Amino acid sequence: MQPDTLAMDAAGYLSIAGIRVADLARRYGTPLYVFDLETLDRRLAAYRVPGLPVPVDVYYAGKAFLCTAMAGFLADRGVGLDAVSGGELFTALAGGLDAARIVFHGNVKTPLEITQAVEAGVGAVVVDSLDELGPLAQEARRQGRTVPVLVRVTPGIEAHTHAFIRTGQYDSKFGFALTGGLAEAAVQAVLAEPALRLIGLHSHIGSQILDLEPFVANVEVLMGFSRHLARRYGWWPQVLDVGGGLGVRYQPEDDPPPTAAVLEAMARAAVTGTPAGREPPRLAVEPGRSIVAEAGVTIYRIGAMKTVPGGRRYWAVDGGMGDNIRPALYQARYQALVDGRRGPPEETVTLAGRYCESGDILIQEARLPAAAVGDLVVVLGTGAYNYAMASNYNRVPRPAVVTVRNGTSRVWVEREGYSDLLRLDRPWEPW
Ligand code: LLP
């Protein structure tokens, strides 16, 4: 739920990695995204499980949070990347990630993105539609390369999660359904193309999944399909990329299975599903949220408070849906703390944002100690899909991203200024 180094002293003052939240707010301003590097390292380390029956390679899902320094951090820690756009690929390369450790995704890949991916020499392109096969093969031939490919299948598994972020059912804009011979036709098409080399299959079943079973079912389905392809075409996967999706604790009642348990169960399913005479495929995983969500918090300052007729109490802060769209988009729920206010919750408050929209509510019914205008509120678990989905709605500049470790802080992304808002604008000309 919160960074591992988050602490509250006897007076209720909060710190992360030994730095007072108030000092971070003073130095960098608010709203402010703060990432605890120690927590990032620990969440990554959880994916390194010794003694698994098949190797598991980690490709962090950049869509959850990516910037140049984050890419550098991943490169430094020897982790790969799931990139879903030319922009993510560009950022990853700028940050020093090895292209061979990048898996390139997208249900629509523009001609430019295909050229970028082939030129960079990404470790694999995940093929999502028949329509991209021709252009991809053509580009591979033009550059005289053979491109490693994964075919993305939709395995028809219903993971229990918010419907908006479920991507594994047959009726999905992603990949090829396993029913009706669609995925098989895609495999055939790739196998028939000499400029492409089919190294494996891909399937992502959803996000914020709090059960172990759907992950195992996903591997079982992919193994079953692989056995079919082996019988039919003599082809067998070197790798099964099972996507991301492992959930985190946003609320006290959220109870995700330990990462190691999920990896062990999936690795076992890969071994069990391998017929005699074949080598079990290695697994690839693409965790996003489970690496970054809990490492990140957002610090806001309370700007206004009121009680409306009927009794509802509002605290309004200096950020909101521009830096965290998830409550408005998914009814996502967050926990918050107030800096310097120790003690039992005394108020039930609606934590509202500053954007010009009634739906800009960060937390519906937060139970918090009494506070005052000017106090800092820390919203927990905002490391994933917050900065990544931030906008300039209302022409509000986006916050800075700061990382902390052992009493020191570093800026990973500068706060936007008003001049950034005008950077791409052209002046009015009489017209
Ligand atoms: N791999 C693929 C192919 C994906 O589509 C995703 C997420 C991931 C990996 C990473 O999943 P994670 O480990 O983070 O669950 N904006 C939504 C989440 C969208 C997830 C889309 N795909 C949110 O804020 O909850």
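Remember, it's 1-based here, ligands and their atoms both numbered in the order they're listed. On a predicted model such as this, the values are computed, not experimentally measured, just so you know. Below, all heavy atoms of this structure are taken into account, side chains as well, without hydrogens, waters or symmetry copies.
- The R326 neighbourhood of ligand 1 comprises atoms 23 (C), 24 (O), 25 (O), with distances under 4.0 Å to a heavy atom of that residue.
- Heavy atoms of G245 come nearer than 4.0 angstrom to ligand 1 in at least one pair.
- Looking at every heavy atom in both residues, P31 comes nearest to P399 through O-CB, 3.2 Å.
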Would you sort out whether F73 and D41 count as a side-chain contact (heavy atoms from CB on, under 4.5 Å), showing the intermediate values? CA-CA 10 Å; F73 165 77; D41 266 326; 3.7 Å; yes
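- Side chain to side chain, S409 and Y28 meet the donor-acceptor criterion of an N or O pair below 3.5 Å.
- Considering backbone and side-chain N/O atoms, E286 comes within less than 3.5 Å of an N/O atom of ligand 1.
- Backbone and side-chain nitrogen or oxygen atoms of H105 are examined, and none is located within less than 3.5 angstrom of a nitrogen or oxygen of ligand 1.
- Neither the backbone nor the side chain of V126 comes within contact range of ligand 1; no heavy atom lies under 4.0 Å.
- The number of heavy-atom neighbours closer than 6.0 Å to CD of Q251, taken from other residues, nucleotides and ligands shown, is above 12.
- Contacts between F174 and ligand 1 below 4.0 angstrom, taking non-hydrogen atoms only, are absent altogether.
- The closest approach between any non-hydrogen atom of S290 and ligand 1 is not below 4.0 Å.
- In this structure, a donor-acceptor pair under 3.5 Å is absent between the side chains of Q188 and E184.
- Under the 30°/60° scheme for interplanar angles, the aromatic rings of W412 and F35 are found to lie parallel.
- Every atom of ligand 1 with a heavy atom of D82 under 4.0 Å away is listed here by number and element: 1 (N), 2 (C), 9 (C).
- No side-chain donor-acceptor contact under 3.5 Å links Y60 and R43.
- Using a 30° and 60° split on the angle between ring planes, Y250 and Y334 fall in the perpendicular class, above 60°.
- Polar contact with ligand 1: present for R289 (N/O pair, distance under 3.5 Å).
- If you look at P287 next to ligand 1, the close heavy atoms, those under 4.0 Å, all belong to the backbone.
- Ligand 1 has no nitrogen or oxygen under 3.5 angstrom from a nitrogen or oxygen of L246.
- Against a heavy-atom cut-off of under 4.0 Å, G288 is close to the following atoms of ligand 1: 12 (P), 13 (O), 14 (O).
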Apply side-chain contact (heavy atoms from CB on, under 4.5 Å) to the pair Q2 and Q335, showing each step before the final yes or no. CA-CA 9 Å; Q2 62 200 41; Q335 294 276 324; over 6 Å; no
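- Which parts of ligand 1 touch M389 is read off a 4.0 Å heavy-atom cut-off, strictly below it: atoms 16 (N), 24 (O).
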